[in-house]
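Each ligand, and each atom within it, is numbered from 1 in the order the structure gives.
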Amino acid sequence: MSDRKNTTFSSKVGLIMAAAGSAVGLGNIWKFPYIAGENGGGAFLVVYLLCVLLFGMPLLMTEFMIGKRSGKSAYGAFHALSGNNRWQWLSWLCMLTAFVIMGFYFVVTGWCFNYLVEAVTNALGGLSAQELNAHFDTIQSSNIRMIGFGILPVLLTAGVLWFDVNTGIERLSKVLMPLLLILMLLMAGVVLMMDGSSAGMRFFFRFDFAQFTPRVVMEAMGQCFFSLSIGMGALITYGAYMPKGQNVIATSVQVIVLDTIVALLAGVIIFPAVFAFGFDPAEGPELVFVVLPAIFEKMTLPWLSSVLFFALLCIAAITSTISLMEVVVAFICEATAGKKHPLNRRQAVLITSVLVIALLVTCVFVPEVFNYSDLVSACVMMPLGALGMAVFVGWRLHKIGKKSVQPNEKWIKRWARMFYLFVLRFIVPLAILLIVLNGLGVL
Ligand code: PFF
């Protein structure tokens, strides 16, 4: 695959951590609470969890399997497995989706870096809820500041891909991921002890049927794709590097469980605090950025916990942007290989970074681009990519399942395989189509 040498996973844990690093990011800690807050809390949570089971599990397995079987990234995988170019549009869709996501993802990662610097300098200590809201607006009003802080993570991500030090990052995240979990557990403990927090728990966990709308279903599905990094080929690459004996099902389950725990924890931290401090759960994209600093003030070591949390959040975001940028970089390398002007990995990193910075600047100057790229990538592009992959494996490559049949295969295994194929062929495509069309008001 292109000219990468170092990206092999020496252990199964390494691969799980890398895939979990891609999955766990701003989607869990920034996006999940704000989308849930805007979509009625408990109603959203129930639909989200159903989507994780219905789409998340089979599609995660599918992407891993496409990568594992083809040994290629999103660019070459469909051609390698089908033997023709008819599925190449899926590779283009994956690349475009990664690109669209990167524009706004880097803006938000920039906010995290901004808050990290402010946590270090203790600039947020003692601010009231109104002041925290006003502070976020001040950050938004400075385009230069947003661009500067947005470019920083682009350069860090490009640096990781340039020097091919992914494996180092994965080793690091093996330590940092548990640390993030411990810190979040501590924060949840502090928040749940506060007066008025029970209203937040009710908001997050109580299913209110009145809130159950087509829009909620579409947003929940989009969030499921976004949070698990599915439908855009990022996990195909990880599948390609899977050690031989690695079990696709077990890996998928582990990644999903980790990702869901982090999202749930984020909800358990944010919503009780929202109600206890008098914020609005439907605050929008700024939700966690105004609520978190207020929580740190209540912790025993406010400075240390806020610095540690924002540092871990920045790292979680970077492990996701690495996998996003990798989709585009691998695409450019493989698409130009053997052509008149083949591009090597570093040239591809350079081109991608320049384009991403241009998109980031556009997102900063035109807020509509920011909002739409978030919505369109999660609720239209990723579902379409996932739909394509489900049809590709379910209908075009259905022999994949048969190939692995062993004469003495246990009945439960055979049934599980048939069930998987049924879900992939009928349930996933139909449900995605219905949800997207319904959510867009077409039906
Ligand atoms: N799953 C990441 C998150 O929750 O922050 C976002 C993401 C990363 C989406 C990589 C897609 C992707 F390929």
Side-chain angles (χ1 to χ4, degrees), residues 17-36 48 51-52 55-56 59-60 63-64 66-67 73-75 77 90-91 93-112 153 157 160-161 166 169 173 177 180 219-240 252 255-256 258-267 285 288 312-331 352 356 373-386 389:
M17 290 318 286
S22 168
V24 175
L26 300 179
N28 309 61
I29 297 165
W30 160 71
K31 200 172 169 193
F32 179 80
Y34 106 72
I35 297 273
Y48 175 79
C51 285
V52 168
F55 303 114
L59 287 168
L60 202 70
E63 276 205 35
F64 276 145
I66 293 175
S73 74
Y75 180 78
L90 255 178
S91 318
L93 181 62
C94 288
M95 186 274 287
L96 273 177
T97 312
F99 196 64
V100 171
I101 294 177
M102 274 192 281
F104 73 87
Y105 205 92
F106 275 116
V107 174
V108 184
T109 310
W111 299 347
C112 299
T157 309
V160 170
L161 296 181
N166 291 16
I169 301 287
S173 53
M177 191 88 75
L180 178 68
E219 295 255 19
M221 182 187 66
Q223 174 60 18
C224 160
F225 289 142
F226 185 79
S227 188
L228 292 172
S229 310
I230 45 184
M232 44 156 298
L235 300 172
I236 294 184
T237 315
Y238 290 115
S252 307
V255 172
I256 287 178
L258 229 130
D259 191 74
T260 309
I261 288 179
V262 179
L264 287 176
L265 261 177
V288 298
L312 292 170
L313 186 58
C314 289
I315 292 165
I318 294 290
T319 53
S320 296
T321 55
I322 290 170
S323 71
L324 276 165
M325 203 185 265
E326 175 62 31
V327 172
V328 181
V329 168
F331 185 95
T352 312
V356 164
S373 43
D374 184 356
L375 186 74
V376 169
S377 56
C379 296
V380 181
M381 298 177 86
M382 295 175 104
L384 277 184
M389 288 182 213

Closer than 3.5 angstrom, by distance alone: can the side chain of [X] be matched with the main-chain N or O of [Y] as a donor-acceptor pair?
X: Glu63; Y: Thr237; answer: no
X: Trp30; Y: Pro285; answer: yes
X: Asn28; Y: Asp259; answer: yes
X: Ser227; Y: Ala23; answer: no
X: Ser377; Y: Asp374; answer: yes
X: Ser22; Y: Ser320; answer: no
X: Ser373; Y: Phe104; answer: no
X: Tyr75; Y: Met95; answer: no

Backbone, side chain, both or neither: what part of Lys31 comes under 4.0 angstrom of ligand 1, heavy atoms only?
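Near ligand 1, Lys31 shows nothing, with every heavy atom at 4.0 Å or more.
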Would you kindly specify which portion of Ser323 sits under 4.0 Å from ligand 1, judged on non-hydrogen atoms: side chain, backbone, both or neither?
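Only the side chain of Ser323 comes within reach of ligand 1.
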Going by the order shown, which atoms of ligand 1 are within less than 4.0 Å of some heavy atom of [X]?
X: Ala234; answer: 13 (F)
X: Asn28; answer: 4 (O)
X: Gly27; answer: 3 (C), 4 (O), 5 (O)
X: Leu324; answer: 8 (C), 10 (C), 11 (C), 12 (C), 13 (F)
X: Leu26; answer: 5 (O)
X: Tyr105; answer: 2 (C), 3 (C), 5 (O), 6 (C)
X: Ser22; answer: 1 (N), 2 (C), 8 (C), 10 (C)

Out of the candidates Phe55, Phe225, Phe32, only one should pair with Tyr48 under the ring-ring contact (aromatic ring centres under 6.0 Å, His included) rule; please name it.
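Of all the options given, the one that passes is Phe32.
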Below 4.0 Å from any atom of ligand 1, is there a heavy atom belonging to Ala98?
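Per 4.0 Å heavy-atom rule, Ala98 does not contact ligand 1.
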Give the residue, atom name and distance (to 0.1 Å) of the protein heavy atom nearest [atom].
atom: atom 8 (C) of ligand 1; result: Ser229 OG, 3.4 Å
atom: atom 11 (C) of ligand 1; result: Met232 SD, 3.3 Å
atom: atom 9 (C) of ligand 1; result: Phe226 O, 3.5 Å

For atom 4 (O) of ligand 1, which candidate among Gly233, Ala23, Ala378 holds the nearest heavy atom?
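Minimum heavy-atom distance to atom 4 (O) of ligand 1 goes to Ala23.
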